[in-house]
Chemist: 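Sharing a structure with you now.
For the numbers below, each heavy atom of this structure counts, side chains included, while hydrogens, waters and symmetry mates do not. Residue numbering restarts at 1 for every chain, and letters A, B, ... go by the order of the sequence lines. This one's a predicted model, so the numbers in the text were calculated from it and none came from an experiment.
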Amino acid sequence: MSTYESEFLRVLESRGYIHQVSDAAGLDALARDERVISYVGYDCTASSLHVGHLNTIMMLHWLQQTGNKPIALMGGGTTRVGDPSGRDETRKLLTYEQIDANKESIKKTFSKFLTFGDGASDALMMDNAEWLAGLNYIEMLRDVGRHFSVNRMLTMDSVKLRLEREQELSFIEFNYMILQSYDFVELARRTGCNLQMGGSDQWGNIVNGIDLGRRMGTHPLYALTCPLLTTASGAKMGKTAAGAVWLDAEMLSPYDYWQFWRNTEDGDVVRFLKLFTTLPLDEIEKLAALGGSEINEAKKVLATEATALMHGRAAADQAAETARKTFEEGALAATLPTVEIAKADLDGGLGVLTAFAQTTGLVASNGEARRQVKAGGLKVNDATVTDEKATLTARDLTAEGVIKLSLGKKKHVLLKPV
RNA sequence: GGGGGAGUGUCCCGAGCGGCAAAGGGGGCGGACUGUAAAUCCGCUGGCUAUGCCUUCGUAGGUUCGAGUCCUACCUCCCCCA
């Protein structure tokens, strides 16, 4: 099981992507002798994917790099139903308009990692709304529903956990796994798809799809899942101060994205280098040898490489440079996130609380700003704010013509009069 | 259909004799220590035009000087019986 013959599985294995595989030997042979056509499905529940989605995107990336064909499946149809996996409560239903808007926004991300086109190993973008939205209920029950045993569905983790915890599981959610299974069969028929990948929480749904394929007479189908992303200290990854770590630059700036990776825990650095950069393993080995505080060098490499993949090399280098100036030189980096204000506001004197809360949004409210002042967490031009009634004026402008506002040691924003 | 129980600070879990902006956790944020790490310790964790005002305990009414706390109806969920 540990030595695969196909390049595809060898790469995934060596970089730590493999959690479970349905028929490892069979899939290995397929990847070695023929071509793997694999898909990952993405729900359209938000307007951007977040780092939690990154490992499956990277799996698609490596799939393509090793000569196979990736399919990014937008869950335009399944999102209308809602996946109960790993959730205690029913998601609230999104409107079709929201789903479509999210879908369009999410699509952009994939072009960074995959090459789309019509060639044999070019990536495809599909949307399951295409075949799910128009399904006829009676036909669906006869063609697909009869292959599902409720007895068995009740034993699936996503269902069982809800029942055991005595938490509501609505019928609409109960159907999610049927739709996802059907997706697999439909993709197998339409594109020759033979492998579905996903996070480990998707195992049950994927295996159901394999069974359905067998019953409905498709070619053999395979499942491959990756471990769920958690930090070394066990926390679920993807959450940060401001919320999720979004992939879309409009929702999280490349600089903040870089910072997220820069702040990785020591114990995660090597694992993340393998998962979220495309650096060769021998280079990662060298970085892994760094001890003590030298590991910070590895973290910078991680941050820059991961950011380069997502936002481009130029943005990554700039983020690294901004961070270097800010943290290592203690200098003022003009490339820090900047908020423009009207000159007139400054002439009249801008209250510090207002500046931090309303103007820059560094803190959520005036009250929060007040508390931070008390805790010594706010700084103007690196000087701690001690008077919550202080005002900012043109005199506070630095030689560079800006005012630097900081929350804690890591979050900085520049105010720039226009 | 009958009987019993539950819904709390819009991140979560959870206490709550009629005087409560509401115990305690977790999480988060800030501070100290460090290496922009982890662990640890300390502080904070409704909003505002702020010695006061406003909004919060499933929903809508009611009793009361005063209700998360009592009463009524409704909604949702759970358990037992049928």
Chemist: Residues from residues 305-339 of chain A sitting under 4.0 Å of RNA chain B, heavy atoms only?
Modeler: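 Heavy-atom contacts with RNA chain B come from A/A323, A/F327.
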Chemist: Reading RNA chain B from 5' onward, which residue's closest nucleotide shows up sooner: A/K300 or A/Q358?
Modeler: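 Going by which nucleotide is closer to the 5' end, it is A/K300.
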Chemist: Just call it for A/K299: base, sugar-phosphate, or nothing, with non-hydrogen atoms closer than 4.0 Å on any strand.
Modeler: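 It contacts base atoms.
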Chemist: According to a strict under-4.0 Å criterion, is A/K374 in side-chain N/O contact with OP1 or OP2 of B/G31?
Modeler: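 So the side chain of A/K374 is outside the cut-off, no N or O lying under 4.0 Å from OP1 or OP2 of B/G31.
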Chemist: For B/A32, what is the paired nucleotide under Watson-Crick or G-U wobble rules, both distances under 3.5 Å?
Modeler: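 Because both required distances fall under 3.5 Å, B/A32 counts as paired with B/U40.
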Chemist: Name every residue in residues 375-390 of chain A that has at least one heavy atom under 4.0 Å from any atom of RNA chain B, in order of residue number, or write none if there are no such residues.
Modeler: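 Result for residues 375-390 of chain A: A/A375, A/G376, A/G377, sorted by number.
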Chemist: Given the C1' atoms of B/G18 and B/C65, what is the spacing between them in whole Å?
Modeler: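 Result for the C1' pair: 12 Å, nearest Å.
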Chemist: In whole Å, what is the span from the CZ atom of A/R262 to the P atom of B/A38?
Modeler: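 Distance, rounded to whole Å: 11 Å.
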Chemist: Using modelled atom types and a 3.5 Å cut-off, is there a donor and acceptor pairing between side-chain atoms of A/T66 and backbone atoms of A/L63?
Modeler: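 Yes.
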Chemist: What's the closest nucleotide to the A/R370 side chain, out of B/G47, B/G31, B/A50?
Modeler: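 Nucleotide nearest to A/R370's side chain: B/A50.
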Chemist: Given that both distances must come in under 3.5 Å, which nucleotide forms a Watson-Crick or G-U wobble pair with B/A60?
Modeler: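 Answer to the pairing question: B/U72, which forms a Watson-Crick or G-U pair with B/A60.
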Chemist: What integer number of Å spans the C1' atoms of B/A6 and B/A82?
Modeler: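 So the two C1' atoms sit 23 Å from each other.
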Chemist: In whole angstrom, what separates A/L407's CG from B/C44's P?
Modeler: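 Computing the A/L407:CG to B/C44:P distance gives 17 Å.
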Chemist: Is A/S105 reaching over with its side chain to a backbone N or O of A/A101, donor-acceptor style, under 3.5 angstrom?
Modeler: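 Side chain of A/S105 to backbone of A/A101, a donor-acceptor pair under 3.5 Å: no, none is there.
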Chemist: Check the distance between B/A21's C1' and A/R371's CZ and give it to me in whole angstrom.
Modeler: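 Rounded to whole Å, this separation is 12 Å.
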Chemist: What residues from residues 360-368 of chain A pass a heavy-atom cutoff of under 4.0 Å to RNA chain B?
Modeler: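 Heavy-atom contacts with RNA chain B come from A/S365, A/N366, A/G367.
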Chemist: When the P atoms of B/G5 and B/A67 are compared, how many Å lie between them, rounded to an integer?
Modeler: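 Per the computed distance, 25 Å lies between those P atoms.
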Chemist: Determine the Euclidean distance between corresponding C1' atoms of B/A22 and B/U55; express it in Å to zero decimal places.
Modeler: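 Pairwise C1' distance, B/U55 against B/A22, rounds to 14 Å.
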Chemist: Who is the Watson-Crick or G-U wobble partner of B/A67, with both distances under 3.5 Å?
Modeler: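 None - no nucleotide pairs with B/A67, as no candidate has both distances under 3.5 Å.
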Chemist: Without decimals, in angstroms, what is the distance between A/K409 NZ and B/G30 P?
Modeler: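 From A/K409 NZ to B/G30 P: 9 Å.
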Chemist: When the ring planes of A/F113 and A/H61 are compared, do they come out parallel, tilted or perpendicular, using 30° and 60° as the limits?
Modeler: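 Rings of A/F113 and A/H61: perpendicular, as their planes differ by over 60°.
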Chemist: Looking only at side-chain atoms of A/Q259, point me to the closest of B/U36, B/A38, B/G47.
Modeler: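 Looking only at side-chain atoms, A/Q259 lies closest to B/U36.
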Chemist: Rounded to whole angstrom, note down the C1' distance from B/G66 over to B/C74.
Modeler: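 Their C1' atoms lie roughly 26 Å apart.
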